[in-house]
Amino acid sequence: MTTDPPVPTPRPPRAARLAVAALFLTNGAIFANLLPRYPQIKADLGLGNAEYGLAVAAFPFGALVAGLTAGALIRRFRSSRVAVAGTLLTSAGVLLAGLAPTWGLLAGALFFAGCMDAITDVAQNSHGLRVQRLYGRSILNGFHAIWSVGAVCGGLMGGLAASLHLPRGVHLALSAGLFALVALTALRYTLPGPELLESRERAEQGARTEGLSARLGLMIAALVLIAIGGTLVEDAGSTWAAVYLSGTLGTPIAVASFGYIALVGAQFVGRLLGDGLVDRFGQRAVARTGGATLVVGMGSALLFPSVPGTLVGFALAGFGVATLVPAAMHGADELPGLRAGTGLTVVSWLMRLGFLLSPPVVGLVADAVGLRVGLLVVPFAGLLVLSLSGVLSATRASEKRGDGEDWNAELEEVR
């Protein structure tokens, strides 16, 4: 009697994983190149805090306007292609923002860049989740860690360009060309085929979950608010860290850029560790610990203001929110009864409210009572996460069943 040899387990698509990582890298670096130039742009255009906050808010407003188109674009053109096209157009918008001679043109360029960035964000996360399903374990936090690497690199590039007095147009054109080349190269190694398997799975789940629309809406709302908690902190670092350090605390611009760098650097460390922590303890426990870290870290920095303390506070804030946006996106992508990309698109779209509302609100509070008070939005975000993290999965990797069948089905689909 003979037996058939065991079917070998297919290898994870490492080339596709590296390609998605490269797309996250470019997405983090492109916009971060502009951030250290914000104080100079604000000064050159003679903007007050409220005007500056409103101009910066055009970026997330554009993301809200265009964000809901991402799901349809992904199903029509494929997530990898949409991510790369969005990357190129985001670069163009950032370049135009750096060259804008008036408040209106600055806001318009940031609006366009925000539109393209929202579509890019959903598309690259959608493709990253496709790759994650093939791995059968959490790797999404690692992609977001690479985004943080890109943001740190972009922030350092922008800070160096500012300290060398390199013209903004030259600096941003060089960065756009470099990262466009990276994105176009990565496209060659992404997964082939459309997101058909995921669409079929969602349709099958939807047949089993009729009548749960109210519960589904509550789950989406909670995931959105958790993601907003993360975006509020990221916006505080990107929009206000350099302004707070250089204005309120009186540090040089080159040093002030390290507020944002501290945040995204610590965020990178948290995301680098995040996949292992999530697999071991579950999304819920990791999010709660992060929320507590955020409240204690940034709250202490604002209570006892100093340059070193503020840098540490931004670092702890970045570490605390490291896994929040990936957790919310993963939870949204796994919601039953939705077509491929729908849950991810809705949560990604609505979480942009944090980026939209935070700059003008903090700016108005700063003009009235000081930026230090305005930055209380950061520890508030930690309290928000602590109250809502129960919606996230408490399941650990050791409690999950094997995903071998999903491997083979997905590989057959992309063939």
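Since the structure is predicted, the reported quantities are computational estimates derived from the model, not experimental observations.
With Asn125 contributing its side chain and Asp121 its backbone, the two residues share a donor-acceptor pair below 3.5 Å. Not a single donor-acceptor pair under 3.5 Å links the side chain of Thr293 to the backbone N or O of Gly320. A donor-acceptor pair under 3.5 Å links the side-chain atoms of Asp275 to the main chain of Gly142, judged by distance alone. Side-chain atoms of Ser163 come within 3.5 Å of backbone atoms of Leu160 as a donor-acceptor pair (strictly under, hydrogens ignored). In this structure, Ser126 contributes its side chain and Val122 its backbone to no donor-acceptor pair below 3.5 Å. Checked by atom type and distance alone, the side chain of Thr345 never pairs as donor or acceptor with a backbone atom of Ala70 at under 3.5 Å. Counting only distance, with no hydrogens or angles, the side chain of His127 and the backbone of Thr190 share no donor-acceptor pair below 3.5 Å. A donor-acceptor contact shorter than 3.5 Å links the side chain of Gln132 to the backbone of Ile139.
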**OP:** Show the numbers, then the answer: is there a side-chain contact (heavy atoms from CB on, under 4.5 Å) between Asp235 and Thr231?
**Re:** CA-CA 6 Å; Asp235 176 74; Thr231 61; 6.0 Å; no
**OP:** Give the C-alpha distance, both sets of side-chain angles, the deciding distance and a yes or no for side-chain contact (heavy atoms from CB on, under 4.5 Å) between Leu34 and Ile41.
**Re:** CA-CA 10 Å; Leu34 181 64; Ile41 292 172; 3.9 Å; yes
**OP:** Dump the intermediate steps for side-chain contact (heavy atoms from CB on, under 4.5 Å) on Thr323 and Leu277, then the final yes or no.
**Re:** CA-CA 10 Å; Thr323 65; Leu277 293 173; over 6 Å; no
**OP:** Verify side-chain contact (heavy atoms from CB on, under 4.5 Å) between Met351 and Met329, making sure each step is shown before the conclusion.
**Re:** CA-CA 10 Å; Met351 81 175 187; Met329 288 182 169; 3.7 Å; yes
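Between Leu263 and Val233, some side-chain heavy-atom pair lies under the 4.5 Å cut-off. You'll find the side chain of Leu25 stays beyond 4.5 Å of the side chain of Trp147, heavy atoms only. Looking at heavy atoms from C-beta onward, Val378 lies out of side-chain contact with Leu232 at the 4.5 angstrom threshold. With a 4.5 Å cut-off on side-chain heavy atoms, Ser80 and Val84 do not count as touching. You'll find the side chain of Tyr135 reaches within 4.5 Å of the side chain of Arg17, heavy atoms only. The shortest distance between side-chain heavy atoms of Met298 and Leu316 does not fall below 4.5 Å. Counting heavy atoms from C-beta outward, Gln124 and Phe143 have side chains that stay 4.5 Å or more apart. You'll find the side chain of Val94 stays beyond 4.5 Å of the side chain of Phe112, heavy atoms only.
To the nearest 0.5 angstrom, Leu54 atom CG is 8.0 Å from Glu51 atom CD. Atom CG of residue Leu344 and atom CG of residue Leu223 lie 11.0 Å apart, to the nearest 0.5 angstrom. The CE atom of Met157 sits 10.0 Å away from the CD1 atom of Ile30 when rounded to the nearest 0.5 Å. Residue Ile146 holds its CD1 atom at 9.5 Å from SG of Cys153, rounded to the nearest 0.5 Å. In this structure, CD on Gln283 lies 12.5 Å from CZ on Arg288, to the nearest 0.5 angstrom. One finds the CG atom of Leu191 at 10.5 Å from the CZ atom of Arg133 (value rounded to the nearest 0.5 Å).
The minimum heavy-atom distance between Ala186 and Ala19, with the atom names listed, is O-CB, 3.3 Å. The shortest heavy-atom contact between Ala236 and Leu375 is CB-CD2, 4.1 Å. Between Gly28 and Ala32, the closest heavy-atom pair is O-CB, 3.3 Å. Shortest non-hydrogen contact noted between Arg130 and Ser79 is CD-OG, 4.5 Å. Across all non-hydrogen atoms, the minimal contact from Thr310 to Leu249 is OG1-CD1, 3.4 Å. Ala241 and Gly259 get closest at one heavy-atom pair: CB-C, 4.0 Å.
The aromatic rings of Trp240 and Tyr52 lie perpendicular to each other, with more than 60° between the two planes, well past the 30° mark.
Partner Asn27 forms a side-chain hydrogen bond (donor to acceptor under 3.5 Å, both in side chains) with one of Asp117, Thr90, Thr120 and no other, that one being Asp117.
Remark: aromatic rings of Phe111 and Phe59 are distant, center separation not under 6.0 Å.
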Please set out all donor-acceptor pairs under 3.5 angstrom arising from side-chain atoms of residues 169-180, sequence neighbours excluded.
{"unit_1": "His171", "atom_1": "ND1", "unit_2": "Arg37", "atom_2": "NH1", "d": "3.0"}
{"unit_1": "His171", "atom_1": "NE2", "unit_2": "Asn33", "atom_2": "OD1", "d": "2.7"}
{"unit_1": "Ser175", "atom_1": "OG", "unit_2": "Leu172", "atom_2": "O", "d": "3.0"}

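Using a 4.0 Å cut-off between charged side-chain N and carboxylate O, Asp44 and Arg168 make a salt bridge.
Pairs engaging residues 256-271 under the salt bridge (Lys or Arg N to Asp or Glu O under 4.0 Å) rule: Glu234-Arg271 [sequence neighbours left out].
By the 6.0 Å and 45° rule, Arg372 does not stack over the aromatic ring of Tyr244.
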